[in-house]
Amino acid sequence: MTGGAVGIGNAYAQALLTAGWQVSVCDLREAVEDPATFNSEPDRVLGTIADVSDPADVARVIDNTMSGFGRIDALVNNAGVWRETNPTDSLPKTLDDFGAVVGTNLYGEFLFGRAVIPRMIEQGSGGDIVNIATDHMVTCGTPWDVCPRGPQCPFDRAASGFQGPPRPTGGGGSMDLYDISKWALNGLTYAWAKALRPHNIRVNAICMGATDSHMLRGFHNHAPSPEEEASWMKTSDAAEMLMDLLAEGPSGRTGQAMNACIGRPCKLEPAHTQLYVRDEDIA
Ligand SMILES: NC(=O)c1ccc[n+]([C@@H]2O[C@H](COP(=O)([O-])OP(=O)(O)OC[C@H]3O[C@@H](n4cnc5c(N)ncnc54)[C@H](O)[C@@H]3O)[C@@H](O)[C@H]2O)c1
């Protein structure tokens, strides 16, 4: 688990611990080293201070995990940052923001995947990789008449309880770096899902919408209205969604990006037709 000292990742870690997992968590925050951060006994949780965008830190987290628990059955690529960015920003600001936002949200997830995948393959018992993305990336904007999902698109399933109006792509004019970092996760999720299917490693993305966390509180430092706050999803619901996904086991979905958008149930949406990973793709 990456980025679990606070926020959604902390709820994920606590839910995994409650379900009986041993959990290795890394974070920039020192609190990650304290089992009390996870309401856990020390022998079930292993915290490492680390920056997911630093290859040496990633290697250290993996080494700690292997020497502490001996194996890795799931990777939850959760650590993420948001900064206000604009196409008109100065070059120094842009370069600094690019390093922080793309470095954490994309390069960090990439590095962790690259570090964990060989171990999962070597273990030979499959596993799960879950990339935490954003709801900005799910509405692809494809016109209905050419959308390969057609009526199965999660935005057009009136009977499923997940219906809702299509949202515009992207998070707005001041999120270009955040959005490119999260959109690129589509590529990792789908490519890894396809490549790792023969090894029984499932790779999916959960695309979170506004969820009450440190990140969102920082984003809303203008003080949100009570109505706006009430609309936010809860980290505990997000954690339940993750646990439902993991509970599907080896025969569950892979190569899918699931939504959790405000105004709709924060629940694991039904699996949809495999678009990116098909049986015939596997030699
Ligand atoms: N909260 C939302 O509304 C929302 C919406 C969409 C997507 N997300 C995504 O959900 C994930 C969790 O977000 P959150 O809202 O819980 O954020 P948060 O800021 O509350 O928590 C993120 C955690 O990641 C850690 N972290 C940040 N950069 C790191 C790095 N380089 N190395 C290691 N740890 C690092 C932070 O210290 C923090 O503990 C992120 O990927 C975020 O982009 C959140």
Side-chain angles (χ1 to χ4, degrees), residues 1-15 24-34 37-38 47-62 64 75-85 96-112 115 130-139 167 170-172 175 177-186 188-189 205-221 224 228-229 231-239 241-242 257-263 266:
M1 157 74 54
T2 68
V6 299
I8 299 170
N10 188 262
Y12 286 158
Q14 293 202 41
S24 172
V25 191
C26 73
D27 204 291
L28 292 171
R29 296 171 196 258
E30 284 179 19
V32 75
E33 289 189 323
D34 182 357
T37 299
F38 308 99
T48 308
I49 300 172
D51 180 346
V52 297
S53 66
D54 180 337
D57 277 14
V58 174
R60 194 164 45 81
V61 173
I62 300 299
N64 284 354
L75 165 66
V76 183
N77 252 332
N78 165 78
V81 289
W82 174 83
R83 286 189 185 183
E84 185 166 341
T85 66
D96 187 57
D97 288 340
F98 192 96
V101 176
V102 180
T104 301
N105 300 359
L106 176 60
Y107 188 50
E109 300 211 7
F110 167 78
L111 288 175
F112 260 93
V130 184
N131 296 325
I132 306 305
T134 182
D135 62 343
H136 307 166
M137 70 183 241
V138 174
T139 309
R167 295 160 55 106
M175 289 204 190
L177 291 182
Y178 185 81
D179 279 349
I180 61 165
S181 70
K182 296 293 189 180
W183 274 76
L185 292 178
N186 266 335
L188 281 188
T189 300
I206 297 181
C207 307
M208 292 306 303
T211 309
D212 196 351
S213 70
H214 272 61
M215 180 185 283
L216 194 60
R217 296 266 162 197
F219 179 67
H220 280 279
N221 54 12
E228 186 177 353
E229 269 190 43
S231 75
W232 292 347
M233 292 178 285
K234 296 185 177 52
T235 57
S236 54
D237 291 336
M241 202 171 159
L242 172 74
M258 276 77 65
N259 272 299
C261 299
I262 56 170
C266 182

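Only heavy atoms go into these numbers, but all of them, side chains included; no hydrogens, no water, no symmetry mates. One-based numbering, in listed order, for ligands and for the atoms of each.
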Near Ala210 (heavy-atom distance under 4.0 Å), the atoms of ligand 1 are 3 (O)
Near Ala50 (heavy-atom distance under 4.0 Å), the atoms of ligand 1 are 32 (N), 33 (C)
Rounded to the nearest 0.5 Å, the CG atom of Asp27 sits from the CE atom of Met1 at a distance of 10.5 Å
The closest protein heavy-atom partner of atom 5 (C) of ligand 1 is Gly209 O, 3.3 Å
Per side-chain contact (heavy atoms from CB on, under 4.5 Å), Leu106 is matched among Leu188, Ile180, Leu111 by Leu188
| query | Are Arg217 and ligand 1 in contact, using a heavy-atom cut-off of under 4.0 Å? | reply | no
- Query: Would you find a donor on one side and an acceptor on the other, under 3.5 Å apart, between the side chain of Thr211 and the backbone of Gly209?
  - Reply: yes
min-distance protein heavy atom vs atom 24 (O) of ligand 1 -> Gly3 CA, 3.4 Å
Ranking Ser213, Gly108, Ser181, Ala260 by closest non-hydrogen atom to atom 15 (O) of ligand 1, top hit is Ser213
Atom 34 (N) of ligand 1 sits nearest the protein heavy atom Leu28 N, 3.5 Å
Ligand 1 to Asp51, heavy atom cutoff 4.0 Å, flagged ligand atoms 30 (C), 31 (N), 32 (N)
Ranked by distance from atom 10 (O) of ligand 1, the top protein heavy atom is Ile132 CG2, 3.4 Å
At under 4.0 Å between heavy atoms, what of Val52 touches ligand 1? The answer is both
Item to complete: Indicate whether the side chain of Thr85 and that of Asp97 have a donor and an acceptor atom separated by less than 3.5 Å.
Response: no
Closest to atom 6 (C) of ligand 1 among protein heavy atoms sits Met208 O, 2.9 Å
Out of Gly7, Ala79, Gly4, the nearest non-hydrogen contact to atom 26 (N) of ligand 1 is supplied by Ala79
Nearest non-hydrogen protein atom to atom 18 (P) of ligand 1, with distance, is Met215 N, 3.6 Å
*So does Glu229 have more than 12 non-hydrogen atoms from other groups sitting under 6.0 Å from CD?*
yes
Rounding to 0.5 Å, atoms CD (Glu109) and OG1 (Thr189) come to a distance of 7.5 Å
query = Can you find a non-hydrogen atom of Ala133 under 4.0 Å from ligand 1?
reply = yes
d(Asn77 CG, Asn105 CG) to nearest 0.5 Å is 10.5 Å
Check: of Asn78, Leu185, Ile206, min heavy-atom distance to atom 41 (O) of ligand 1 comes from Asn78
**Prompt:** Quick one: does Asn10's side chain have a donor or acceptor within less than 3.5 Å of a partner on Phe38's backbone?
**Reply:** no
Salt bridge between Asp212 and Arg217, side-chain N to carboxylate O under 4.0 Å?
yes
Rounded to the nearest 0.5 Å, the CD1 atom of Ile8 sits from the NE2 atom of His214 at a distance of 12.5 Å
Given the options Asp51, Ile49, Asp57, Leu28 meets side-chain contact (heavy atoms from CB on, under 4.5 Å) only with Asp51
Min over Tyr178, Phe112, Tyr12, Trp82 of heavy-atom distance to atom 7 (C) of ligand 1 lands on Tyr178
Atom 3 (O) of ligand 1 sits nearest the protein heavy atom Thr211 N, 2.8 Å
Please determine if Thr104 has a nitrogen or oxygen closer than 3.5 Å to a nitrogen or oxygen of ligand 1. yes
re atom 36 (C) of ligand 1, the protein heavy-atom contact at minimum distance is Asp27 OD1, 3.4 Å
| said: Would the distance check show the side chain of Thr37 and the main-chain N or O of Ala31 forming a donor-acceptor pair, the cut-off being under 3.5 Å? | reply: yes
Within the 4.0 Å heavy-atom cut-off, what Val81 brings close to ligand 1 is side chain
